[in-house]
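Here's the structure we're looking at; comments come further down.
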Amino acid sequence: MESSVEKAGDRAIARKSPRAPGQVLECGWCGGPVIVQVRGRMPKWCSSTCRTRASERRRAAADGLAAVKVVERDIERIKTVTVVQHHTRQVEVEAVPWPSATSDWVTAIRGLTQRVETGRVYDRDLESLAGAVNDLVGALVRRGQHR
Ligand SMILES: [Zn+2]
């Protein structure tokens, strides 16, 4: 067993370049087989689903995957009246600088509340907005408990 693993490792290094058509690589996400084509880029993923998952994971890691950051992003989308539910359905986004001071966040959240109250947020966005706000409230409650 052990020797076959070592062999596989040696072969992988030896094959780094040039490419061997028909060579099978491992999908970087699910580990499934990815067949190398004769030309084009070296494939990393077996499917667009795996590529998307991997890039979402990378982005989340870059953001520190903080719950509050997710909430912030939702608030920014809503402030600029873009669609929250699907990443693929983004509408034109005006360049709104992110609040840095907490007082600016308070202003932004109050402005969002005003938008909800005056019907300036689409009905279809209310559910995802509620989810994001619940996350924020949950985070605040947890912080309060730890104090
Ligand atoms: Zn895959």
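Here the structure is a predicted model, which is why all the values come from computation and not from measurement.
- In this structure, the side chain of W105 engages the main chain of P99 through a donor-acceptor pair within 3.5 Å.
- The hydrophobic clustering, which links ILVMFWY residues whose side-chain heavy atoms are closer than 4.5 Å, places V137 and V116 together.
- Atom CZ of R53 sits about 8.0 Å away from atom OG of S47, to the nearest 0.5 Å.
- Nearest heavy atom pair, residue W29 against residue A54, reads CE3-CA, 3.7 Å.
- Minimum heavy-atom separation, P33 to V24: CB-CG1, 3.6 Å.
- Atoms CZ and OG1, from R59 and T52 in turn, are 9.0 Å apart once rounded to the nearest 0.5 Å.
- Interatomic distance, CH2 of W45 versus CD of E26, reported as 12.0 Å (0.5 Å rounding).
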Chi angles and distances behind the side-chain contact (heavy atoms from CB on, under 4.5 Å) call for I109, L136: CA-CA 11 Å; I109 291 167; L136 175 57; 4.1 Å; yes

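- Within a 6.0 Å radius of CG in L126, other residues, nucleotides and ligands contribute more than 12 heavy atoms.
- Distance SG/C27 to NZ/K44: 11.5 Å, rounded to 0.5 Å.
- For the pair L129 and L112, the minimum side-chain heavy-atom distance is below 4.5 Å.
- Contact between R142 and D135 at its shortest, heavy atoms only, is NH2-O, 4.4 Å.
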Verdict with supporting geometry, L25 and I35, side-chain contact (heavy atoms from CB on, under 4.5 Å): CA-CA 6 Å; L25 302 176; I35 296 166; over 6 Å; no

